[in-house]
Amino acid sequence: MADALILVVEDEPTIVEVVVRYLQREGFRTVTAGDGEGALRAVARERPDLLVLDIMLPGLDGLEVLRRLRAGGSLPVVMLTARGEEIDRVVGLELGADDYLTKPFSPRELVARVKAVLRRTQAQPAESAHTPPPLVVDTLRLDPATRSVTLAGAPITLTSREFELLAFLMRHVNQVFTREQLLDQVWGYTFAGDLSTVTVHIRRLREKIEQDAAAPTLLQTVWGVGYKLSGPRRVP
Ligand code: CA
């Protein structure tokens, strides 16, 4: 993890300088981009392991950059937001940012978040020498080895956090979890978000896996308690 390549996307030179200095001090390699187009070019050229992405950028803003990145994969992203960008913050998470920090932020805190996101996203294949077997519930099939999901045989595209939420629920099929438990289990204690983050992700997952997101049969609400993934577990 220490030599991971971090792409820092921000147009304010003083912030770039401080962030780069702190990341390099921890052994990370860094590249920088000062606008959205430059960020997309740098992703294609440098293949970074993680992006630190400011929302306010000249040209394509950070949200548009994230939207385009998410169309093509699940590169880990830590967003930077300014105060008063509450809506942007939620949208950022809906688009699948892995974490965010509000300006002004402590560079030390940013480095901690970067490490936490890398640990979480990189640990999955390495943690178990044996590739975990696919999970199958009803017509949903999730393969941890390839991080792919199909619904009745048709591939569906999930953000990295949606994938982790679904994987957690599939591992614990027919068990009910509160939003607090899901935030703790899927996002982890370092995450600064609130419970509405869970609600947003449940809604997004439903839009992708349910025939009718308004009348979910798989990802069910248990009133007054929380959520469960319901269905027969099948042998892969
Ligand atoms: Ca900026």
Side-chain angles (χ1 to χ4, degrees), residues 1-122 157 159-162 183 187-188 190-194 196-197 200-201 204:
M1 181 170 88
D3 64 346
L5 179 64
I6 314 295
L7 171 59
V8 179
V9 186
E10 164 66 287
D11 58 323
E12 292 167 61
T14 51
I15 295 182
V16 173
E17 195 190 313
V18 171
V19 167
V20 163
R21 191 166 68 232
Y22 272 78
L23 287 170
Q24 288 184 346
R25 191 184 292 169
E26 294 293 318
F28 292 110
R29 294 175 298 130
T30 58
V31 282
T32 63
D35 58 44
E37 287 84 356
L40 293 170
R41 279 197 304 274
V43 167
R45 192 179 59 233
E46 308 283 350
R47 307 250 155 226
D49 298 294
L50 181 144
L51 251 68
V52 174
L53 177 61
D54 189 38
I55 287 183
M56 293 295 287
L57 295 170
L60 290 184
D61 67 10
L63 293 174
E64 185 54 30
V65 170
L66 184 59
R67 199 171 286 127
R68 295 192 188 188
L69 286 176
R70 284 296 175 257
S74 58
L75 179 62
V77 175
V78 176
M79 300 290 287
L80 302 179
T81 75
R83 278 183 196 289
E85 287 179 315
E86 300 299 313
I87 297 167
D88 289 352
R89 200 164 78 170
V90 174
V91 172
L93 291 169
E94 281 199 52
L95 287 173
D98 294 273
D99 206 346
Y100 68 87
L101 279 173
T102 305
K103 291 177 176 178
F105 58 88
S106 128
R108 206 166 269 124
E109 177 65 16
L110 175 64
V111 171
R113 298 292 182 87
V114 165
K115 285 182 175 175
V117 168
L118 283 175
R119 248 196 316 274
R120 189 159 48 72
T121 52
Q122 295 189 340
T157 306
T159 67
S160 60
R161 193 77 75 171
E162 288 164 358
L183 197 63
W187 278 259
T190 58
F191 186 73
D194 58 30
S196 65
T197 301
V200 166
H201 280 76
R204 304 271 298 186

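Order of appearance sets the numbers: ligands from 1, and atoms from 1 within every ligand.
Between atom CZ of residue R113 and atom OH of residue Y100 there is a gap of 8.0 Å, rounded to the nearest 0.5 Å. Note: W187 CH2 to T197 OG1 = 7.0 Å, rounded to the nearest 0.5 Å.
Protein N/O/S atoms found under 3.0 Å from the Ca ion (ligand 1): E10 OE1, D11 OD1, D54 OD2, M56 O.
Applying the 6.0 Å contact sphere to CZ of R25 captures more than 12 heavy atoms from other residues, nucleotides or ligands.
When the options L51, V114, V117, T159 are evaluated for a side-chain contact (heavy atoms from CB on, under 4.5 Å) with D98, the one that passes is V117.
The main-chain N or O of L5 is found under 3.5 Å from a side-chain atom of D49 such that the two form a donor-acceptor pair.
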In residues 6-15, what donor-acceptor pairs under 3.5 Å come from side-chain atoms, sequence neighbours left out?
from : atom 1 : to   : atom 2 : distance (Å)
E10  : OE1    : E12  : N      : 3.2
E10  : OE2    : K103 : NZ     : 2.7
E12  : OE2    : K103 : NZ     : 3.2

